[in-house]
Amino acid sequence: MTSAGLEVLLQTLISGLLLGGLYALIGIGMTLIMGVMKIINLAHGELMMVGMYIAYVLFSSFHIDPYLSILIAAPVLFFLGIFIQKYLINPVLKVEAIIPENQVILTVGIGMVLANIATIIFSSDYKTTPVEYATKAWYLSDIWKTSPIELSLSMAWSVSFCVALLITACLWFFLAKTDMGKSIRATAQDKEAAQLMGVNVERMRVFTFGLGSALVGSAGCLFIPIYYLYPDLGGQFTLIAFVITILGGLGSTVGAIVGGLILGVFESLTSTYVGMGWAPVGRFVIFVAALIFVPGGIMSLFKKKRLGK
Amino acid sequence: MKKALPLIVAGLLAILPLLGLSSYWMHILILVIMWSVIGMAWNLLGGYCGQVSFGHAAFFGVGAYTAGILYNKLGISGWWGLPISIFVVTIFALVIGYICLRLKGPFFALGTLAMGVILRVMAENLTTITEGDLGIMIRERTWIEKTWYFYVILVIALLSFFLVKKVIESKLGYYFVAIREDQDAAESLGINTTLYKTIALSLSAVITGLAGAFYTNYMGYIDPKIVFALHDISIVTIMVVMVGGVATYWGPFVGAIIMVFLAEIIRTIPKLGAAHHTFFGILLIVIIIFLPNGVVGDWPKLKRFLRIGRAG
């Protein structure tokens, strides 16, 4: 391979990883909700869209940096999530119906309402937040003068990736070390047993939905410096989140991170080597391949190995 | 009486064009019947077999594009799309079924949703076959009047109705319901669940594809964003059945009437046109919470509620 070809490949891989880090954050929110509540939240991408619009409004009216708006968007999304879970999803879980997937269809309805309200308020125009660092880039040669190859990375992408890592680390700390986090994990593993151990399962469910929404809302704030915004963008991110959860294994947080990174790299490769328009197809090729070859998700491969020993 | 009801309704519908309805009303009627066909198809798979599909736009679009490509590339009448789409859609259904039917419950729903999106993206990008975003235009309309289109879709609807009824009342229908109620139990009783789910999916897909092929000929223009639309086809399909009544013969018809008229009413109110998804979404939420089995399925409940309302 020529050095130019190698450069393109490396560049593609690294931007894929940066994208994947953000995807992972979206995926974690979905996988948490799926693991604890056993429901699929098809309004996930729309919640992210709400987060993005909050960041957009804060930027355009108060000139608040999108990264700082996480501090506002995340709590707002948290309470929106709690509201949705408490007053819309919970009542449906109690209703007897022929089709058990009613709650999935319900979240579709919620997503439709959110997207449409955004269209009414902000019109369906494409919006961006023109922060000055959005177009800046840094080069590998800035740090490593004698580097044989040259890479350039977008400043905004790199910062977003680092913030995503930070949020993921905080979440890991919360889930692994705090009482609340342990209760959430217990609820995900075995609802009845957790209940017997004195965990308020009902409260954990509501809280998890809020937490998942807050995560995807902050992912939205991280996306906005590098992405344009329109009301219908939610749908594709819902699908991305879903592909990640399938890829990583249902309800597995580590799986969501791995899945997000794989998806990001693969998408980046498809758009470089096949064509921009085909990136969504690449996403679904991964999805179909995961369903056929690793139906339990990437994490199940590791588990099997451990059992084999 | 009850046995003859479908024929009576069909007869009444068949007389309607003779009343000299305006072109607009004929259009509404055609839409209602087309959506009933799609609803019946979805109901067979979702309502009876319990496999909730979020991607019926995939089959609708494949049917529509079969007709469109036959006209555009081979230069034959788009109406050939009706018989030929049966084969094409069956092939697509088998492939999609092979991939998605290994998923259960909500995961199947999301798998089919993804399939719908894949096909849309493919239709957008395979420009040599599908013309991409430009779409396909049927330049010569078969009929100027809408009456004949109405009769065509009415015949399709009648055939679909009896096909679904026949299937549901046969042994096959019982297998479907058994799979819906408890797939593992059905499997353990010796029902080849994969086979019967594939049959349900294929039948449902073929009927939806016919509606798609009809749509191309009737509307005269298709593009990937219209026929593979997630919200405007796949979700509306689910809504037609949910609003009308899941797993009922008449549910899709009632649901189609409600949905088409609701869409038209919202469209006529100025400034609210853009908000039709909000209304659809709210209607969906309300229906799922209060009438989970739809207007037909929860009719006794609805009647009781209305009576209480009147007394109070």
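Just so you know, these numbers come straight off a predicted model, no measurement behind them. First the proteins, then the strands, lettered A, B, ... as listed; each starts at 1. Values reported hereafter were calculated over all heavy atoms of this structure, with side chains retained and with hydrogens, waters and symmetry mates removed.
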Counting heavy-atom pairs under 4.5 Å with chain A, the top scorer among B/Val121, B/Asn125, B/Leu103 is B/Asn125

Based on non-hydrogen pairs under 4.5 Å, which of B/Ile285, B/Ile235, B/Leu110 is most in contact with chain A? B/Leu110

Counting only heavy atoms not in B/Tyr174, do more than 12 fall under 6.0 Å of its OH?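 Incorrect, the count does not exceed 12.
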
Can you confirm whether more than 12 heavy atoms, excluding those of B/Phe92, are under 6.0 Å from its CZ atom?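 Counting neighbours around CZ of B/Phe92, 12 or fewer heavy atoms of other residues, nucleotides or ligands fall under 6.0 Å, so no.
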
Would you call A/Val108 and B/Ile238 a side-chain contact if the rule is heavy atoms closer than 4.5 Å?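 Result no, sub-4.5 Å side-chain heavy-atom pair not found.
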
Can you find a pair of side-chain heavy atoms, one from A/Met112 and one from B/Thr278, that are under 4.5 Å apart?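 No, side chains not in contact.
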
Tell me which of these, A/Val92, A/Ile105, A/Leu42, has more heavy-atom pairs under 4.5 Å with chain B than the rest.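 The option with the most such pairs is A/Ile105.
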
I'd like to know which of A/Val243, A/Ile40, A/Ile117, A/Thr107 tops the heavy-atom pair count under 4.5 Å against chain B.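 When all of A/Val243, A/Ile40, A/Ile117, A/Thr107 are compared, A/Ile40 has the most.
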
Counting only heavy atoms closer than 4.5 Å, note whether [X] contacts chain B via side chain, backbone, both or neither.
X: A/Leu114; result: neither
X: A/Leu239; result: side chain
X: A/Leu106; result: both

Part of B/Phe54 within contact of chain A (heavy atom distance under 4.5 Å):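 Only the side chain of B/Phe54 comes within 4.5 Å of chain A.
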
By a 4.5 Å heavy-atom criterion (distance strictly below it), what part of B/Ile99 contacts chain A: side chain, backbone, both, or neither?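 B/Ile99 touches chain A through backbone and side-chain heavy atoms alike.
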
How close do A/Phe242 and B/Gly111 get, heavy atom to heavy atom, and via which atoms?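 The answer is CE2-N, 4.1 Å.
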
So, taking the atom named CG in B/Leu284 and the one named CD1 in A/Ile110, what distance separates them when rounded to the nearest 0.5 Å? 9.5 Å

